Colleague: 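Submitted below is the structure of interest, expressed as structure tokens.
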2 protein chains.
Amino acid sequence: MSYHHGNLAPALVAAGFTLARQGGTASVTVREAARRVGVSAPAAYRHFEDRDAFVAQVARCCRQELARTMMTARDRHRSPKRRFRATGRAYIEFAFDEPGLLECAFTPHQAHAWNAIAGATEECAADDPDAARVLIDVLDELHAAGVISTAQRPGAELVAWASVHGLAMLLAGTDRVAAAPAIERVLDGVEAALFG
Amino acid sequence: MSYHHGNLAPALVAAGFTLARQGGTASVTVREAARRVGVSAPAAYRHFEDRDAFVAQVARCCRQELARTMMTARDRHRSPKRRFRATGRAYIEFAFDEPGLLECAFTPHQAHAWNAIAGATEECAADDPDAARVLIDVLDELHAAGVISTAQRPGAELVAWASVHGLAMLLAGTDRVAAAPAIERVLDGVEAALFG
DNA sequence: CAGAACATGTTTACGATGTCAACATGTCGT
DNA sequence: ACGACATGTTGACATCGTAAACATGTTCTG
């Protein structure tokens, strides 16, 4: 209604999220996002340094969506081992359900993924779910329950994340049912590596 | 010298390879490759369906380069276990030495990676080294040596590849020496998963 | 050996994108 | 009320992918 949109940035990011969902990072374009929000393209540049900065925000959304998916899958179980496995499986399922989102989630600066694991926990509030946080939490549960030994605990995030993330990348675009055994095989491998 | 270049396609791919090395997939552009070869942009379209097809070829080169790196690292050792570990480590090292090439190697259609593992071995000749082939071979050595049990052998490619590929993705752009322990940790995890 | 079919390059051109500069229009503090 | 500031708009430019239409060698046939 008004000349000024009110909160353009979130609206643009939301539009970008939809674009990512449909066509992956490549189709996350400033112009198209602006178009969908009903605003001129340069307007976006009042809120984002450049396209990379915009995509980074969209990617953040994608990661949050992934985290939410993992959390709901995890919370369907009680035992730490089942919760762990459900978390990992959810990650891979996400690769099939939302290939565009997953691709976008980690393509921009892969450093995000690592940083998320390395130590960054302070940058995400309660309303900013983080996939790495979910993983770390469930690993802590396993540790607390004595399933993972104290000796094995350090670096467990990496082992789990690398396997699952790598598998998700490899399986992107393949047949879902054909991949099912592969998924279980890798999850078995992760468990064997961490406790087993 | 002549109006006709002679073998444009390979020249363009070589140029694309250099571009990938410097700036990753994003900077692999048909126009720039043509420019560097000293030819007009549309000329490239006599040899490649579209940009994706071109990038796919460049990616193939990148994968071959990776395979060569893995092979030379592997061949520095005799024992199957050491050869296996050297292969994996080389993959990760490649992520640090040639981030652009690694990104390009698997971004276009991740299906390549999976297909490479799934069954594709016939499409690569002796002069067309394949990273998946290298991995499979060294796993076969481990199996033959009795290090990997027959029960564990099936799907071992996936476990190894997913972990290492995922780790390489996660570590892209991080500090090399800081990441060293993480690398060993994940490699330990892979070994624990496959034989341990 | 001439010339036609073919492969391979070239020039031109169009539409889409990222992004800058200049201008317009609201909002808000004094 | 008025002027600073934030936020949008229009217009323009460079780069890209890529389609015609045209030019130039190469090669095969009569």
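Side-chain atoms are counted along with the backbone in the values below, which use heavy atoms only and exclude waters and symmetry mates. The chains referred to below are lettered A, B, ... by the order of the sequence lines, with proteins before strands, and numbering in each begins at 1. Every value quoted in this text rests on a predicted model; they were computed, and no experiment measured them.
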Colleague: Is a side-chain donor or acceptor of A:D50 paired with a backbone partner of A:A53 at a separation under 3.5 angstrom?
Modeller: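 Yes, A:D50 side chain to A:A53 backbone: donor-acceptor pair under 3.5 Å.
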Colleague: Donor-acceptor pair, B:R63 side chain versus B:A105 backbone, under 3.5 Å?
Modeller: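 Pair found, side chain donor or acceptor close to backbone of B:A105.
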Colleague: Between A:R46 (side chain only) and A:A9 (backbone N and O only), is there a donor and an acceptor less than 3.5 Å apart?
Modeller: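 Pair absent, no side-chain N/O of A:R46 close to backbone of A:A9.
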Colleague: If the plane angle is over 60° it's perpendicular, under 30° parallel, otherwise tilted; pick one for A:Y91 and A:F106.
Modeller: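 Rings of A:Y91 and A:F106: parallel, under 30°.
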Colleague: Generate the contact string for nucleotides 17-23 of chain C. Rules: B means base contact, S means sugar-phosphate contact only, - means no protein heavy atom under 4.0 Å.
Modeller: BBBB-B-
Colleague: Counting N and O atoms only, with roles assigned by atom type, does the side chain of A:R83 sit under 3.5 Å from a partner on the main chain of A:H77, one being a donor and the other an acceptor?
Modeller: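 Side chain of A:R83 to backbone of A:H77: a pair is present.
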Colleague: Tell me whether B:E191 is salt-bridged to B:K81, with the criterion being a basic N under 4.0 Å from an acidic carboxylate O.
Modeller: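 No, this pair does not count.
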Colleague: Check every nucleotide of DNA chain D for an atom under 4.0 Å from a heavy-atom of chain A, then give the first and the last such nucleotide from 5' to 3'.
Modeller: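 Reading along DNA chain D, I get D:dA6 to D:dA12.
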Colleague: Report, as yes or no, whether the 6.0 Å neighbourhood of atom CZ on A:R82 holds more than 12 heavy atoms from other residues, nucleotides or ligands.
Modeller: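 Count not over threshold, so no.
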